[in-house]
Amino acid sequence: MSLLLLLIVQAAGFAVVRATIDRNARSQIARELDTDENVWRRLLDQNAEKLRQGSALLAADYGFRSAVNSDDEETIQSVLENHGSRIGAEVTALLDTRLNLRSLSASGGARDFQAAVRQVAPLLASQPQGSRMAVIGGVPYQFVMVPMRAPVVIGWVLMGFPVSQSLADEMRQLLSVHVALLVKAADGGLSVPVSTLSAEPLALLRRDGIPTGELDTDRGILLARASPLETVGGEVQALLLRSVDEVVAPYRQLQVLLAIITVAGVLLFAVGNGVMAQRVTTPLRSLLAATRRLSRGEYDVPLEHMDRADEIGNLARSFDKMRVDIGAQQSEIRRLAYWDRLTGLPNRERFRATVVAAIGASPGAPQPLAVLTLDLDRFKHVNDVLGYAFGDRLLQAVADRLREEVDAAQDMVARMGGNEFAVLLHGADASAAHEVARRIHRSLEEPLVFEDQSVDLSAGIGIACWPGDADDADTLLSRSEIAMYAAKRQLSGALRYDPGFDLASAQTLSLLSELRRAVERKELRLYLQPKVALHGQPGRAAEALVRWQHPQRGLVPPVDFIPFAEQTGFVRQLTLWVFEEVARLLASPQARHLPLRVSVNLSTRDLLDPELSTRLAGILARHGVQASAFCLEITESAIMDDPQRAEAMLNRLSEQGFKLSIDDFGTGYSSLAYLKRLPVDELKIDKSFVMGMEAGEDDAMIVRSTIDLAHNLGLTVVAEGVETAAILARLRTLACDEAQGYHIARPLPVDDFLAWQARQGEASPL
């Protein structure tokens, strides 16, 4: 039965292959005939162009034009004959401006040529760049005509040549295609004046005329493509023919070889079929049954035939090893899908599934439950300073503390990702959830110590209760996170979800969207807060600040949009806007005479922008302002986010001539370690220390130590937050260089600032 089936398949295959070869051969010939037709028409166009160039040369000949103007018929006739013979034109004629024939040079009967000229001349006059075919004496001629100008048109030169056997032979040599020209005269007679065909197909053409697609000869089938030529005085068809047998011949040899291989294969199949049935078929059925078990997830049943030493045994052993490995991988996948590898806690997916199950467990009489979401503060800074390995140990320690505080068997602690954790409390209302949150907060207040390195922890905790705060699990989790972010913003430890938090988020998103368009709408305003020198140093200084005059919200405080601009990266556009406005002010006539130095704040994203120095240099060049007129203020935290890149950028800015200042000095973590390496010119004491000088000596001691340290390092000192005259006097006593604050002046619009400077005049410092 198998042998019979194989023979049937082979016979069907041979039939399909033969039909496919014939179909492909015809398709290939059709594509080649498309190309042949294009080449044939290109050859005709090239010959016409050659004839047109010769005609144009004759029309431009000065002597010929002189003969035409003087009606020297003898010279005209001589020139036509000589020029036509040089370029191979059998017909050369001169026509007047009304297309009447004046002179004709033809190698055959002049009367036939005169009739043809009268027919093609009007057609060529309307299309001087084209060519026309005409049948003369059973031979197709190709005509072109060009105007003769002196400088207006004084006549037309017309030339023609026969489409001869040489053109067909050239096609045969170029593309191995047969060409035959079939000419049907006006009286109905059919002739083939040009052909590359042998005698038999040529006789068929003369007898039957143009074939319908193919020409069947004793030597095989010729596929034909008729290309009609637009002609007067008769009809001309260019017939392009290719042999099917020539294309199919190589494949016939392949079919013979394939038949020999098939016969040998059938014999070998007959012998081997019986042997293989005993050795292979039975074990393969066993393996097939094993694959069905694996597809059902049954990975605990071992395979048979593993004791064989042949390929089947190797396959069985490999298949069984695959079964064991897949089983282990499935177990690991299930574990990774629901458990966090670092802390051993359930992950977000398992936590969500548990919340969904807890809500769905009591649809009739819902039992309350609460979700707590907490996010560790300053965890990125711990990773950056102490390393990711230390950060991983910190997360593991936090997970252990959370397990200790949530000890009920039905409750769950999970790591949601990064430094975010969540707690599910079954049967807990808002009061019980707040109590657990307070315990967690207290447990995190105790510092963690690893290898003599102590880390203080804090976290924002958000609480959402079901069914009060949400109708489903996803909303409950989302609102717990919203409450957590609100708790982090307000530094309040733990907060329960409030619908107002969502409104605040929507307002924030709207504000960010509008801020992106504020620059284009010219809604930003430049404010300047004056700085005064406390010991008579020359020059005047101020700090540049940005305010947003919103068309609906009014003057938006910086605290409402600067932090979000820093988070989204838009702060870089704000920095460039402030720098541009300050440069424009310094270049203005009102401020050019003032020895003014303006401080501009740089954020973390500004320092990490590799194009910052180039952008600032471009603004300086555009306004013709020197870099020394600027002081760039950088916070310690901005430097510590990426110290190496920040240091490289600060060095470039210093080399450009900018004065550099450390803002909020004393509130960072590692400022002294970098102070000696950075090209800093100034320290700016944080206002919390300055304002605290009146309340206690501790802050005054910090201010005094900072001033002494800066002066010993050759740096100037600026104190911000000067709110009273007493603080200003104390700073003078401590030898502080400059001061700014509400006691001196509030931030002022540009015009008010210039007026304030004018009022100061030569008055003594405050």
Side-chain angles (χ1 to χ4, degrees), residues 377-378 381-382 385-386 445-447 449 452-458 491 529-537 541-543 597 599 601-602 631-641 643 646 650 659-747 764-766:
D377 297 327
R378 301 182 302 278
H381 186 72
V382 172
V385 175
L386 301 177
E445 289 178 350
E446 182 179 351
V449 180
D452 299 329
Q453 179 68 53
S454 177
V455 179
D456 292 324
L457 288 178
S458 62
L491 302 177
Q529 185 174 26
K531 299 179 184 179
V532 296
L534 301 184
H535 299 285
Q537 299 98 325
E543 180 179 1
R597 186 185 72 253
S599 298
N601 291 281
L602 297 184
C631 178
L632 304 180
E633 296 186 0
I634 309 100
T635 61
E636 295 175 79
S637 59
I639 298 173
M640 294 309 300
D641 276 351
L650 291 177
K659 183 177 180 181
L660 301 179
S661 174
I662 299 294
D663 195 12
D664 300 336
F665 185 79
T667 61
Y669 296 95
S670 304
S671 56
L672 294 178
Y674 286 91
L675 197 56
K676 294 187 297 182
R677 293 169 48 185
L678 297 175
V680 177
D681 305 287
E682 176 184 281
L683 295 184
K684 196 170 185 181
I685 304 175
D686 186 68
K687 63 183 179 181
S688 61
F689 301 122
V690 176
M691 297 171 65
M693 291 173 61
E694 288 186 316
E697 286 300 316
D698 290 341
D699 287 328
M701 186 178 299
I702 293 174
V703 173
R704 180 187 299 111
S705 301
T706 303
I707 293 173
D708 292 340
L709 171 65
H711 287 167
N712 290 334
L713 294 173
L715 308 178
T716 59
V717 181
V718 178
E720 61 178 344
V722 178
E723 306 294 323
T724 65
I727 293 178
L728 186 63
R730 188 74 178 273
L731 290 170
R732 280 201 183 95
T733 304
L734 296 176
C736 185
D737 299 293
E738 293 182 347
Q740 72 179 91
Y742 281 10
H743 175 67
I744 300 167
R746 291 176 175 270
S764 301
L766 294 173

Notebook entry, point to check: After noting the C-alpha distance and the side-chain angles of Val690 and Ile727, does the key distance pass the side-chain contact (heavy atoms from CB on, under 4.5 Å) rule?
Noted result: CA-CA 8 Å; Val690 176; Ile727 293 178; 3.7 Å; yes

Next item on the list: Would you name the heavy atoms of Ile744 and Ala739 that are closest together and state the gap between them?
Entry: CD1-O, 3.4 Å

Check: Do Ile634 and Leu650 come close enough that some side-chain heavy atom pair is under 4.5 Å?
Finding: yes

Check: Side-chain donor-acceptor pair under 3.5 Å between Asp663 and Thr635, yes or no?
Finding: no

Check: Glu720 versus Asp686: any side-chain heavy-atom pair under 4.5 Å?
Finding: yes

Check: Can a donor-acceptor pair be found between the side chains of Ser599 and Lys531 at a distance below 3.5 Å?
Finding: yes

Next item on the list: Would you tell me whether Glu694 and Thr724 have side-chain atoms, one donor and one acceptor, within less than 3.5 Å of each other?
Entry: yes

Item checked: Within-4.5 Å side-chain heavy-atom neighbours: Ser661 and Leu632 -> no

Next item on the list: Check whether any side-chain heavy atom of Leu602 lies under 4.5 Å from a side-chain heavy atom of Glu633, and answer yes or no.
Entry: no

Next item on the list: Please report the shortest heavy-atom distance between Ile707 and Ala735, naming the atom on each side.
Entry: CG2-O, 3.9 Å

Margin query: Between Glu543 and Arg597, does any side-chain N to carboxylate O distance fall below 4.0 Å?
Written below: no

Next item on the list: For residues Leu734 and Arg704, report the shortest heavy-atom separation together with the two atoms involved.
Entry: CD2-NE, 3.6 Å

Checklist line | Heavy-atom pair with the smallest gap, counting every atom of Val717 and Ile685 | finding: CG1-CD1, 3.6 Å

Notebook entry, point to check: How far apart are the closest heavy atoms of Leu731 and Ala719, and which atoms are they?
Noted result: CD1-CB, 3.6 Å

Checklist line | side-chain contact (heavy atoms from CB on, under 4.5 Å) between Thr716 and Lys659, worked out | finding: CA-CA 11 Å; Thr716 59; Lys659 183 177 180 181; 3.8 Å; yes

Check: More than 12 non-hydrogen atoms from neighbouring residues, nucleotides or ligands closer than 6.0 Å to CG on Asp708, yes or no?
Finding: yes

Notebook entry, point to check: Pick from Leu715, Val718, Leu660, Ile662: which one makes a side-chain contact (heavy atoms from CB on, under 4.5 Å) with Glu682?
Noted result: Val718

Note to self: Could you tell me if the side chain of Val703 sits less than 4.5 Å from the side chain of Arg730, heavy atoms only?
What the structure shows: no

Note to self: What I want to check is whether the side chains of Gln529 and Gln740 have a donor and an acceptor closer together than 3.5 Å.
What the structure shows: yes

Next item on the list: Please report the closest heavy-atom contact between Phe689 and Asp699, naming both atoms and the distance.
Entry: O-CB, 3.4 Å

